[in-house]
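Take a look at the structure set out below.
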Amino acid sequence: MKLQFKLEETDTLTKARLGKISYHGQEYATPMFMPVGTNATVKTLAPEELKEVGSGIILANTYHLWLRPGEDIVAQAGGLHQFMNYDGPILTDSGGFQVFSLAKPKDITEEGVYFKNHLNGDKLFLTPEKSIAIQNKLDSDIAMSFDECPPATADYEYLKQSVERTVRWAARGKKVHQNPNQMLFGIVQGGPHQDLREYSAKETVKLDFDGYSIGGVANDHESKEDMYKAFQYSTDYLPTDKLRYAMGIGDPIDIIEGVIRGIDLFDCVTPTRLARHGHAHTWHGNINVRNSKYKDVFEPIEKGCQCYACRHYTLAYIRHLIVANETFGARLLSIHNIYFLHQLMLKIRENIKNHTLLEFRDQFKQDFYGAKK
RNA sequence: GCGGAGUUGGUGAAGUGGUUAACACGGUAGAUUGUGGCUCUAUUAUGCGUGGGUUCGACUCCCACACUUCGCC
């Protein structure tokens, strides 16, 4: 059965929204943060641990699973849920981001995109139809249209023709989408430009998707201002009763600013990647656990934090694990960081309910970034 | 006791009579936004065993001493 979204409340002071996702008898509140599990695993975490830290929807990646183990293997296993033993909702990215990260502009054609296989160098060709067919087989709950994800700072003319092509690709993908239990989202592009975002949103909405994503953000060191414009200029033209998803956004302040502009879903690799690199989120900013000043700090990463890592382990111990390159260190920090972002979303939802989101943002910004930003 | 070889940073080490002592690892710090766990960036010996000497100038040449190591008695 398809996942259901119900908009429950819209903030009176901002465009922030509270909603509920229903899925096989489970309910999840939005706005929500979704951890990324590219290879059908949120790196270092077992599904039970995802539940414990408060995860709902998680991501998996079409491109990576297409190359390895192949969508047919996943289908033989009974779909992604069976294959990876996760009974919560799963969203698959379409491979569109890999157009940005792995292909060169000259490899992008109207028909599709040529890739160099990052595993063995083979030449690959991915099209909108192929991406949707793979996602149908993976049997995720939410599939993404295959889009081009150009750098946010690309010039206007390039973005214009790219946006138009992404709309055509969305239509092609929708035409071949078959899985009745799977939502399909369209993706809004257009960089920071109001007219391109408007065009992209309106044309994509005409195709009538189950939800809408905002892509092409936070991918080329564009200014925060431009990123927030991209949010605003996209949600301005999206229907209120459908989910809105900002792709790849994970900096806490960007999440808050996104919620303020009417976005419901966020995903990011940062909690797990930062963890693997030894960094931890705290309410007073990110800390580098490797720093020698933590070598004899026999306290949790954050006092009062109720995550598994903070309830049982000290900074000194986790630092030792990270410095010694032990995987348990990355696992404990991943648990902590994902838990932190879910707690952030909880606070965001409380503040929407209390109509104090703007005050919360200002206070959070001061605590988290201090004088830095 | 005699003879040979050798002493350069936390480690392994390059180096030349002439400005800032190569490189690697390690350390320290930073980056990381629809994931390669990769990686990238900066920084890390005011000093070349100790003391003299030669020289305009010595880590580099000479002498003594200390220490390490190999061989012989």
Side-chain angles (χ1 to χ4, degrees), chain A residues 33-45 57-65 67-68 90-102 116-121 131 135 140 142-152 166 185 187-189 212-224 226-228 230-231 245-258 263 265-281 285-295 319 322-331 333-334 337-338 341 372:
Chain A
F33 175 78
M34 312 181 289
V36 177
T38 303
N39 285 308
T41 171
V42 175
K43 295 182 195 298
T44 75
L45 268 74
I57 303 175
I58 63 170
L59 263 70
N61 195 294
T62 299
Y63 170 82
H64 298 259
L65 296 174
L67 299 190
R68 184 171 60 189
I90 300 174
L91 182 154
T92 41
D93 185 24
S94 62
F97 185 70
Q98 279 64 45
V99 176
F100 165 74
S101 63
L102 296 174
K116 192 172 178 182
N117 182 330
H118 73 286
L119 299 173
N120 60 17
S131 172
Q135 294 183 76
S140 56
I142 304 175
M144 288 298 120
S145 292
F146 186 65
D147 65 327
E148 184 194 351
C149 179
T166 286
F185 280 26
I187 302 180
V188 179
Q189 290 284 353
Y212 298 91
S213 305
I214 297 164
V217 283
N219 67 3
D220 196 33
H221 301 98
E222 76 270 30
S223 68
K224 296 278 189 194
D226 278 351
M227 192 192 307
Y228 303 156
F231 292 162
Y245 159 35
M247 308 182 84
I249 296 302
D251 187 328
I253 194 62
D254 296 343
I255 290 176
I256 297 170
E257 296 287 358
I263 295 166
L265 301 173
F266 304 84
D267 81 285
C268 201
V269 304
T270 49
T272 47
R273 178 186 287 164
L274 288 174
R276 272 178 266 117
H277 293 189
H279 293 69
H281 287 313
N286 294 340
I287 65 170
N288 187 345
V289 177
R290 295 187 76 102
N291 286 177
S292 55
K293 64 183 170 188
Y294 299 122
K295 70 175 185 290
R319 174 180 187 273
I322 292 294
V323 169
N325 205 24
E326 286 291 344
T327 55
F328 190 47
R331 182 161 149 230
L333 287 180
S334 294
N337 286 344
I338 294 174
L341 287 175
K372 212 165 68 178

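Numbered from 1 within each chain, the chains take letters A, B, ... in sequence-line order. Please read all numbers here as calculations on a predicted model, not as lab measurements.
- The side chain of Ser94(A) has G34(B) as its nearest neighbour among U33(B), G37(B), G34(B).
- Within 4.0 Å of Glu222(A), counting heavy atoms only, lies no atom of the nucleic acid at all.
- Listed nucleotides A29(B), G27(B), U33(B) differ in distance to Ser292(A); the shortest reach to its side chain belongs to A29(B).
- Distance noted for atom C1' between U54(B) and A64(B): 15 Å (whole Å).
- Taking atom P in both U60(B) and U7(B), the straight-line distance is 12 Å, to the nearest Å.
- With hydrogens and angles ignored, no donor-acceptor pair closer than 3.5 Å exists between the side chain of Asn219(A) and the base of U33(B).
- Atom CD1 in Ile263(A) sits roughly 15 Å away from atom P in G34(B) (whole-Å rounding).
- Ile187(A) comes within 4.0 angstrom of a nucleotide base, judged by non-hydrogen atoms across all strands.
- One can place NZ of Lys295(A) at 9 Å from P of U28(B), the figure rounded to the nearest angstrom.
- With rounding to whole Å, Arg290(A) atom CZ is found 10 Å from A29(B) atom P.
- We find that CG of Leu102(A) is positioned 13 Å from P of G34(B), with the value rounded to whole Å.
- Across all strands shown, Gly329(A) has no heavy atoms under 4.0 Å from either base or sugar-phosphate atoms.
- The salt bridge (charged side-chain N to carboxylate O under 4.0 Å, His left out) search around Glu257(A) returns Arg261(A), Arg361(A), not counting sequence neighbours.
- For Leu59(A), counting side-chain heavy atoms from C-beta on, the closest listed nucleotide (U33(B), G37(B), G34(B)) is G34(B).
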Taking only N/O atoms, report every protein-nucleotides 43-45 of chain B pair under 3.5 Å with atom names and distance.
none

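- When the nucleotides U33(B), C38(B), A29(B) are ranked by their closest atom to the side chain of Asn291(A), A29(B) comes out on top.
- At the heavy-atom level, Leu91(A) lies nowhere under 4.0 Å from the strands shown.
- G37(B) and C23(B) have their C1' atoms separated by 27 Å, with the value rounded to a whole Å.
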With both pairing distances under 3.5 angstrom for Watson-Crick or G-U wobble, and | for a partner in another strand, the correct string for RNA chain B is ((((((((.[[[..)..(....]]]((((((.......))))))....[[[[[..)....]]]]]))))))).
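- For Asp220(A), there are no salt bridge (charged side-chain N to carboxylate O under 4.0 Å, His left out) partners two or more places apart in sequence or in a different chain.
- Comparing A66(B) with G27(B), their C1' atoms are spaced 31 Å from each other, to the whole Å.
- Under the side-chain contact (heavy atoms from CB on, under 4.5 Å) criterion, Ser145(A) pairs with Ala170(A), Leu184(A), Phe209(A), not counting sequence neighbours.
- Scanning atom types as modelled, no donor and acceptor separated by under 3.5 angstrom connect the side chain of Asn61(A) and the base of G34(B).
- Rounded to an integer number of Å, the gap from Phe33(A) CZ to U33(B) P is 13 Å.
- Residue His279(A) is in base contact, counting any heavy-atom pair closer than 4.0 Å across all strands shown.
- The side chain of Met247(A) sits closest to G34(B) out of G27(B), G37(B), G34(B).
- Not a single salt bridge (charged side-chain N to carboxylate O under 4.0 Å, His left out) links Arg273(A) to another residue, sequence neighbours left out.
- Nucleotide G37(B) holds its C1' atom 13 Å from the NE2 atom of His64(A), rounded to whole Å.
- Residues Gln189(A) and Thr166(A) have side chains that never bring a donor and an acceptor to within less than 3.5 angstrom of each other.
- Distances were taken from every side-chain heavy atom of Arg319(A) (C-beta onward) to each of U32(B), U28(B), U33(B); the shortest belongs to U28(B).
- Remark: the Lys293(A) side chain and the U28(B) base include no donor-acceptor N/O pair separated by less than 3.5 Å.
- For Asn288(A), the side-chain atoms get nearest to G30(B) when compared with the rest of G30(B), U28(B), U33(B).
- Residue contacts for His277(A): at a heavy-atom cut-off of 4.0 Å it reaches a base atom on one of the strands shown.
- Between the CD1 atom of Ile322(A) and the C1' atom of G37(B) there is a distance of 11 Å, given to the nearest Å.
- Using C1' as the reference atom, U46(B) and U41(B) are 26 Å apart when rounded to the nearest Å.
- Contact check, Arg273(A) against U33(B): a side-chain N or O comes under 4.0 Å of OP1 or OP2.
- The phosphate of A31(B) has neither OP1 nor OP2 within less than 4.0 Å of any side-chain N or O from His221(A).
- Rounded to whole Å, the C1' atom of A45(B) lies 14 Å from the corresponding atom of A14(B).
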